[in-house]
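As the structure is a prediction and not an experimental result, all values here were calculated from the model. Heavy atoms only: backbone and side chains are in, while hydrogens, waters and symmetry mates are out. Start at 1 with the first residue, then count along the sequence.
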Amino acid sequence: MGWAALSAAPADPKMADPVAAQTAERPGAGDLALYRAISQRIMAGDAYYATALAEQRERGYPVRPFVTVRLPTLAMLHAGIGIDGARWLGIALLLAAAFLLHRRLSAHTTLTERAAAVMLLVVGGAGVAMPVAGLIHELFAGLFLAIAWAAHRPRRYALSLIALAAALAFRELTLPFALLWLLLAAMRQSWREAAAVGAVIALFAGAMALHFLAVEAQIVAGDPASGGWGGMAGVALPIAALSQLTILAMLPPALAAPLALFPLIGWLGSPGRSGLFAFLWFAGYFAAIALFARPDNFYWMQLALPLYLAGFAFAPRALADLAAAAGQRRKPPIPVPPRDTGPAVTRS
């Protein structure tokens, strides 16, 4: 969101930052204004679910199905440390993710690649510096996913599990990351790790069941329902969202759009199984946005940040490997001379 605001001329201001656009048109309106109002009431001592549904009804937001109401995690965090305190926590999480990323890449990458990856991760998370950063659920979920990926080590994944649980607590849309981790751990036959991830998923399922019951207890006849999530917007939506939510917003759209795919290429060519995990997560998540998100759900892309941009650091290696492989295919086969079996022997 921050890069879109800095861009001199975004291609579509409402696509770049519909929240800001709504707020400009109707003072006190917009998603962030809603979250601020809810959190301020929670900080004053009000109950979360009654407050959240009341505020959403008053502002014309749907409250059905239950996932239209955010999990209470961020509002509870605000009650503890305040909205600005949450922003400072986001900054600390970004720095922790940068440190863990450098450590994780140290065994398989060059110093130049590591430095570039860390710098790009920080750039991808620059939104934490915005005054409203403490109100964005997806921003925190994306930071915790970056930590979950960067902190993982074979047989040493406790911190990754904690970060995964935190990401799930902020946004249920992070569940595919957990399911992918479970699948890959099972394929490696790392049964203890798979069981640990499965336990986190089970706890999340229990929390979502409680969330469902709490929301349903507040539903009244005539409550507005969501229009659903079958946008089928295509691949243009995740590319446009990346172009507007990152530093790519500073570039002309014709240049930003193709560049938005370079980190994906980089993750595909990055060394080790961890790069494959990142590629599968990003590619699968982008496909889900293309299929299910509406244009006004562009902010879902925050879950891929800040880690996604670090893939730029590996794009030169990946492209060089592709070029080398293509060159090998073009080379004509070296002719093999016939085997010399010596002079023919004839019988007299």
Original post:
Side chain of E113, backbone of T110: donor and acceptor closer than 3.5 Å?
Top reply: yes

Subject >> A169 versus L71, closest heavy-atom pair with distance >> reply: O-CD1, 3.4 Å

Can you give each donor-acceptor pair under 3.5 Å made by side-chain atoms of residues 204-223, sequence neighbours left out, with the distance rounded to 0.1 Å?
| from | atom 1 | to | atom 2 | distance (Å) |
| --- | --- | --- | --- | --- |
| H211 | ND1 | Y49 | OH | 2.8 |
| H211 | NE2 | V69 | O | 2.9 |
| D223 | OD1 | R57 | NE | 2.6 |
| D223 | OD2 | R57 | NE | 3.4 |
| D223 | OD2 | R57 | NH2 | 3.1 |
| D223 | OD2 | V220 | N | 2.8 |

Original post:
Hey, do the aromatic rings of H152 and F277 have their centres closer than 6.0 Å?
Top reply: no

Original post:
When rounded to the nearest 0.5 angstrom, what distance separates CE in M76 from CE in M43?
Top reply: 10.5 Å

Subject >> Qualifying residue for side-chain contact (heavy atoms from CB on, under 4.5 Å) with L259, from T246, L251, I247 >> reply: L251

Side-chain donor/acceptor pairs under 3.5 Å, residues 116-134, sequence neighbours excluded:
none

**OP:** Could you tell me the separation between the CZ atom of F298 and the CG atom of L237, rounded to the nearest 0.5 Å?
**Re:** 10.0 Å

Original post:
To the nearest 0.5 Å, what is the distance between CE (M301) and CG (L242)?
Top reply: 4.5 Å

**OP:** Scan for salt bridge (Lys or Arg N to Asp or Glu O under 4.0 Å) pairs involving residues 39-48, sequence neighbours excluded, and state none if there are none.
**Re:** R41-D46, R41-E55

Original post:
Is the side chain of R114 donor-acceptor paired with the backbone N or O of T109 at a distance under 3.5 Å, no angle test?
Top reply: yes

Original post:
Which atoms form the tightest heavy-atom contact between A194 and A186, and what is the distance?
Top reply: CB-N, 4.2 Å

Subject >> In one Ile/Leu/Val/Met/Phe/Trp/Tyr side-chain cluster, 4.5 Å: I239, L264 >> reply: no

Original post:
How long is the span from the CZ atom in F66 to the OG atom in S226, to the nearest 0.5 Å?
Top reply: 12.5 Å

Subject >> Donor-acceptor contact present, side-chain Y48 to main-chain T73, <3.5 Å >> reply: no

Original post:
In terms of hydrophobic clustering (I, L, V, M, F, W, Y; side-chain heavy atoms under 4.5 Å; direct or indirect links), are W281 and L261 co-clustered?
Top reply: no

**OP:** Would you give the length of the straight line joining atom CG of L94 to atom CG of L305, rounded to the nearest 0.5 angstrom?
**Re:** 11.0 Å

Subject >> Over all atoms of both residues, closest heavy-atom pair of P238 and G234 >> reply: CD-O, 3.3 Å

May I have the list of side-chain donor-acceptor pairs in residues 171-185 shorter than 3.5 Å, sequence neighbours left out?
| from | atom 1 | to | atom 2 | distance (Å) |
| --- | --- | --- | --- | --- |
| R171 | NE | E138 | OE2 | 3.2 |
| T174 | OG1 | A167 | O | 3.4 |
| T174 | OG1 | L168 | N | 3.4 |
| T174 | OG1 | R171 | O | 2.8 |
| W181 | NE1 | E193 | OE2 | 2.6 |

**OP:** Look only at the side chain of S39 and the backbone of R36, and say whether a donor-acceptor pair between them is shorter than 3.5 Å.
**Re:** no

Original post:
When hydrophobic residues are tied together by side-chain contacts of less than 4.5 Å, even through go-betweens, does L245 share a cluster with L255?
Top reply: yes

Subject >> Co-membership, hydrophobic cluster, residues I147 and I201, 4.5 Å side-chain >> reply: yes

Original post:
From Q302 CD over to L145 CG, what is the distance, rounded to the nearest 0.5 angstrom?
Top reply: 12.0 Å

Original post:
If you count the non-hydrogen atoms of other residues, nucleotides and ligands that lie under 6.0 Å from CH2 in W229, is the total more than 12?
Top reply: yes

Subject >> All ring-ring contact (aromatic ring centres under 6.0 Å, His included) counterparts of F170, not counting sequence neighbours >> reply: F140, F144

Subject >> With F286 via ring-ring contact (aromatic ring centres under 6.0 Å, His included) - residues at least two apart >> reply: Y308

